[in-house]
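A quick write-up on the structure given underneath.
Order of listing sets the numbers, starting from 1, for every ligand and every atom in it.
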Amino acid sequence: MNLHVALFSSILAIGSGAHPLEPARGKRHFIANLRRQTPAVKLQNGTEPVFDAGLVRMEVQGLLNKYSMASDFLNGINLNPDTHPDTGYAPFNDTPIVQYWANNSKPSSLLTRPRPALSVRGAPAAGAEPILGLPDEPYASFELMPLTDDVADGMDVAYYGALKFGTPAQALTVSVDTGSADLWVPVACPGCSHEQFDAAASSTYRNSGRRVSVTYGAGRVAGTVASDTVALGALSVDAQKFVAVRTESQDFMDYASSGLLGLAFRSISRMNAPTFFEGLLAGHKLAAGIFSTHLTRGSADGSQICFGCFDLTKTTGPVEWLNLTSKTYWTVTMDGLGAGRNRTAPLNLIAAVDTGSSLILVADDVAKQFYGLIPGSQDASATYGSGFYTYPCSSTVTASLIFSNRPYSIHKDDMNLGKLSDESEDCVGGIIGVSSEHGLPANLAIIGDVFLKSWYTTFDYAGSRLGLAPSINNH
Ligand SMILES: *[C@@H]1O[C@H](CO)[C@@H](O)[C@H](O)[C@H]1NC(C)=O
Ligand SMILES: *[C@@H]1O[C@H](CO)[C@@H](O)[C@H](O)[C@H]1NC(C)=O
Ligand SMILES: *[C@@H]1O[C@H](CO)[C@@H](O)[C@H](O)[C@H]1NC(C)=O
Ligand SMILES: *[C@@H]1O[C@H](CO)[C@@H](O)[C@H](O)[C@H]1NC(C)=O
């Protein structure tokens, strides 16, 4: 309990504006301590975790910092120009999908599922799984990036995978973040605790000396703009720009990965450089101008990003497409939230789809309206600060986000951040309200992993669309 108190006071001291490079303790450190000191408290009764307020409040504070420029960006202010790296790519065509095979074995369940115009490449023999769906192009090029889910206290804190940097290649882990647009890894960073890039060992490394700093949901980093060859499997980008980080806030030192891979649009890059994905696009390295994310729930293995592809084996139904409303963050219009058959009043929200956020954040009045639709829900601001709500753990009401007038459900396990206490029958909801005084646009909704675990998500850069297909997580 003392730890909670200490953590809260450090968050309050940080405030919403300036996020120092030396905030108190990071969340993994915090978790480690909590586990060490009170090992029995966390999962005492069955599998339902107790709400970890410190972890969640830290993430909310981080997201407020990360989106502190969102108001400008969404109003078209301070954007870098669009250099159209997707020139030459058509929107991803998901109807004639070709199945690629891991080996020459037989298809399983997928082919028995009704799917229009499905064709099969090659002659599958007995026993194999189809692995990838792609538009029917003869020399299609794509790459799967396996991700590790960093699970802590029942929360999927971050997803990260490996990229190769330099010549000869050095593999480093990066968290995948569709809510920012810069790539960074530590280089000669005295205080960094993770594996670093050894720039001196790479013959292709260059450093411009230009200083840059970037704020994320998990903290802040500062360094200089560098470039080198960056590769994922057989795909590579020469002279990919990234931040050679010299200092990172404590929050990142407690993070599971070395660096971070921004997958939003160059328009909001702090370096004003193409992202790694935009580099692949511009080099015409991909079969399709898309990447797709599969994020697991509570399991270290199995998550992935499909670069240039769509993995049929991660979905249980067709894709629905939503047009992007800007190419800054991945933004789409959100019409409101739903609870069972009930809905909030129609709201014209801008939803930023952010794999780097675990939570869903909306304006406080939107959260209030939403929880008002769930019988038995309560404002928990007296206990946890404004924006937190509880609902009966036994509730069978399904929460959803409404896009194009259609509800997209959120799996109940993701909606539930944990019970108030071991004895409590109330659970804290994963949709959190943000007071307008924090400076986030009142019509902004940050849509993180609480939602994305239920939906296999295709980020169609060339087609300016976002695709949502039901995830295999939900069976
Ligand atoms: C766990 O919780 C359930 C209901 O909330 C209760 O019936 C059960 O006795 C609890 N078990 C333990 C070991 O505390
Ligand atoms: C082919 O696929 C089957 C089923 O997925 C698997 O058991 C087998 O190991 C694979 N063979 C090779 C050579 O990858
Ligand atoms: C989405 O964009 C496409 C192409 O610009 C357009 O044809 C379609 O009508 C749009 N859909 C909606 C729902 O606005
Ligand atoms: C939700 O919808 C049901 C009918 O489906 C209705 O009876 C109930 O009053 C609604 N609840 C709220 C809070 O709107």
Margin query: Under 4.0 Å from atom 9 (O) of ligand 3, is there at least one protein heavy atom?
Written below: no
Next item on the list: Please indicate, with yes or no, if any protein heavy atom is found under 4.0 Å from atom 5 (O) of ligand 3?
Entry: no
Margin query: As a check for students: among Leu324, Thr333, Asn323, identify the option with a heavy atom nearest to atom 3 (C) of ligand 3.
Written below: Asn323
Notebook entry, point to check: Where does the angle between the aromatic ring planes of Phe265 and Trp330 fall among parallel (under 30°), tilted (30 to 60°) and perpendicular (over 60°)?
Noted result: tilted
Item checked: Plane angle bin for Tyr456 and His294 - parallel if under 30°, tilted between 30 and 60°, otherwise perpendicular -> tilted
Notebook entry, point to check: What's the verdict on side chain to side chain donor-acceptor pair (under 3.5 Å) for Ser386 and Ser435, showing C-alpha distance, side-chain angles and the deciding distance?
Noted result: CA-CA 7 Å; Ser386 85; Ser435 150; 5.4 Å; no
Next item on the list: Validate the cation-pi geometry between Arg406 and Tyr408: distance from NZ or CZ to the six-membered ring centre under 6.0 Å, angle to the ring axis within 45°.
Entry: yes
